[in-house]
Trainee: 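Dumping the structure here so I can ask a few things about it.
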Amino acid sequence: MDETSKEVHQHIDELVAREHALRAAQVGKGLDPEEQRELKHIEAQLDQAWDLLRQRNALAEQHENPDAATERPVGEVEGYLN
């Protein structure tokens with residue numbers, strides 16, 4: 001795994017940790033509106049980061065430059081099945 005992919009994976013780990021903290025905090029009380037917005041934003045960022053990592057891995061497997069991968073807009077990543 002190249003350095004940039006490691007950085008993307010580290011970013012994913014950080015987002016997952018925050019997501020877990022928010023979900024743990026909601027047990028028994030729920031999230032306030034700001035926390036709900038943050039959780040939704042984190043979920044979208046996670047989808048983008050995983051998509052970018054998959055792109056980088058696919059390019060590397062094809063012996064192409066993984067740096068050619070680009071972060072796609074949330075709407076594109078979130079709506080890929082539509």
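Throughout, residue positions are numbered sequentially from 1 according to the sequence presented. Computed from a predicted structure; not experimentally measured.
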Trainee: Where do N57 and E61 land on the side chain to side chain donor-acceptor pair (under 3.5 Å) test, with the steps shown first?
Mentor: CA-CA 6 Å; N57 290 341; E61 287 174 11; over 6 Å; no
Trainee: Mind checking whether L46 and I12 have side chains closer than 4.5 Å, heavy atoms only?
Mentor: yes
Trainee: Is there a side-chain contact between D2 and R56, using heavy atoms and a 4.5 Å cut-off?
Mentor: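 Result yes, sub-4.5 Å side-chain heavy-atom pair found.
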Trainee: Rounded at 0.5 Å granularity, tell me how far CZ in R72 sits from CD in E78.
Mentor: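 CD of E78 is found 12.0 Å from CZ of R72.
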Trainee: Which is it for H9 and K6 under the side-chain contact (heavy atoms from CB on, under 4.5 Å) test, yes or no, and what are the steps along the way?
Mentor: CA-CA 5 Å; H9 207 282; K6 287 179 185 176; 5.6 Å; no
Trainee: Heavy atoms, side chains only, cut-off 4.5 Å: are L39 and E35 in contact?
Mentor: no
Trainee: In a table with atom names and distances, give each donor-acceptor pair under 3.5 Å that connects a side chain of residues 16-28 to protein atoms at least two apart or in another chain.
Mentor:
| residue | atom | partner | partner atom | Å |
| --- | --- | --- | --- | --- |
| R18 | NE | E38 | OE2 | 2.8 |
| R18 | NH2 | E38 | OE1 | 2.9 |
| R18 | NH2 | E38 | OE2 | 3.4 |
| E19 | OE2 | R23 | NE | 3.4 |
| E19 | OE2 | R23 | NH2 | 3.3 |
| R23 | NH2 | E43 | OE2 | 2.4 |

Trainee: For residues 23-48, which residue pairs qualify under ring-ring contact (aromatic ring centres under 6.0 Å, His included), counting only residues two or more places apart or in two chains?
Mentor: none
Trainee: For the NZ atom on K40, are there more than 12 heavy atoms of other groups (residues, nucleotides or ligands in this structure) within a distance under 6.0 Å?
Mentor: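 For K40, atom NZ is not crowded (no more than 12 foreign heavy atoms under 6.0 Å).
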Trainee: If Ile, Leu, Val, Met, Phe, Trp and Tyr residues are connected whenever their side-chain heavy atoms lie under 4.5 Å apart, and connections chain through other members, are V74 and V8 in the same group?
Mentor: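 Shared cluster, no.
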Trainee: Contact between W50 and Q45 at the side-chain level, heavy atoms closer than 4.5 Å - yes or no?
Mentor: no
Trainee: So, E71 side chain and A49 main chain: donor-acceptor pair closer than 3.5 Å or not?
Mentor: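 Here the side-chain-to-backbone pair does not exist.
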